[in-house]
There are 2 protein chains.
Amino acid sequence: MSVARRQSKPVIPLRKAAQLRQASPPLIDLGVLNERLGYFVRRVQVWVFQHFIRRLSSIDVSPAQFSVLVVIAANTGLSQSQLAVTLGIERARLARLLHHLERRGLMQRLPSSADGRRHALRLTRDGRKLLARAKTLAAQHESALKEKFGSDRYRLLLEALREF
Amino acid sequence: MSVARRQSKPVIPLRKAAQLRQASPPLIDLGVLNERLGYFVRRVQVWVFQHFIRRLSSIDVSPAQFSVLVVIAANTGLSQSQLAVTLGIERARLARLLHHLERRGLMQRLPSSADGRRHALRLTRDGRKLLARAKTLAAQHESALKEKFGSDRYRLLLEALREF
DNA sequence: TATTGTTATACTCTATAACTATA
DNA sequence: TATAGTTATAGAGTATAACAATA
């Protein structure tokens, strides 16, 4: 993600935006959006991605890349199809994403012994090392999210959304 | 959105994907993602967009376009900057989005009487008519979302996420 | 100097089709 | 025939810079 490159400048002043939204003279009405769960899910998701990308900018790992590394590490030898279905990523997009991670030396595609069409995915030593660092940063990101919601609401949201 | 054009063919078999995820022989472990609110927010948001786009495909209105039409209708005469800040859309992107809506005859940019730099935004008669239709379809979409979560959890989620 | 709106660039992501090689 | 993986394309969205007009 291109944003991962900007590290020092806080370009998206979300708090300022929130202030303006409340302080600007003619208060803007969200209309029916105020009653739409879909709208607020989108707003929170945008914040999550932006915050995640900034938090992991030093190691240049996007949310999608992180999820791929985590699932490969937890299921060594799985195929691309399995990975794609699990994470809801298109096969075509996953192929390019993995190509990128492979070029960075973070994972390998080995021939599957059981099925000649498949690749067995696994992290390299470098991949495992980077993932360890990524997990630390991602945990910090998640803590920030928990703090924004409060522990009780955070737990409640996690359990409710996981059921989806 | 490109997906808005496909109306008949149910290309993304989310239910089948869910079945595969649970039924495929080697059960895939989400690892640490299972404890990440950010991950599940993303998954729900993807479903929301896909479902919204399909539901409104007959009138070719994307989630972003819908939110823009709703807020203009509820705040006739507001400026592009106000609209951009309110919805968290980049000014640059909003300019093109509005250009598109204007070409479709759904809204107008009038010169602002107060500030020569600003445009005062308003819907045309066609815009108001299309918005009425869009609101009906969007309400159906939201009902489906409510049904997926259950009324209690839906209400709970709406109030929690709105606080963000 | 700062703000409003615009155009442009580069990259990510999604949806889709078409292709190969294997099963 | 169906599946696994690949490449390519089109469109949407995001991040950013630079510009003209106006304040």
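Note on naming: letters A, B, ... go to the chains in the order of the sequence lines (proteins, then strands), and numbering restarts at 1 for each one.
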Under 4.0 Å: is that the gap between some side-chain N or O of [X] and OP1 or OP2 of [N]?
X       : N      : answer
B/Ser81 : C/dG5  : yes
A/Gln80 : D/dT6  : yes
B/Arg42 : C/dT14 : yes
B/Gln50 : C/dA15 : yes

Minimum-distance nucleotide to A/Ser79 side chain [options: D/dG5, D/dA8, D/dT14]: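 The answer is D/dG5.
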Lys/Arg-Asp/Glu bridge criterion (N-O < 4.0 Å) met for B/Glu142, B/Lys135: no
Carboxylate-amine/guanidinium contact A/Arg162 B/Glu35, below 4.0 Å: yes
A/Arg125, CZ atom: more than 12 neighbouring heavy atoms under 6.0 Å: no
Near-ring test A/Phe164/B/Phe40, centroid separation under 6.0 angstrom: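 No, the ring of B/Phe40 stays outside the 6.0 Å limit from the ring of A/Phe164, centre to centre.
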Whole-Å distance separating the CZ atom of B/Arg43 from the P atom of C/dT14: 10 Å
Residue among B/Phe66, B/Phe52, B/Phe49 satisfying ring-ring contact (aromatic ring centres under 6.0 Å, His included) with B/His141: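 The passing option is B/Phe52.
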What nitrogen or oxygen pairs link the protein and nucleotides 18-20 of chain D at under 3.5 Å?
none

Look only at the side chain of [X] and the backbone of [Y], and say whether a donor-acceptor pair between them is shorter than 3.5 Å.
X       : Y       : value
B/Arg91 : B/Ala84 : no
A/Arg93 : A/Ile89 : no
B/Asn75 : A/Asp29 : yes

Strand contacts (DNA chain D) in residues 109-121 of chain A, 4.0 angstrom heavy-atom criterion: A/Arg109, A/Arg117, A/Arg118, A/His119
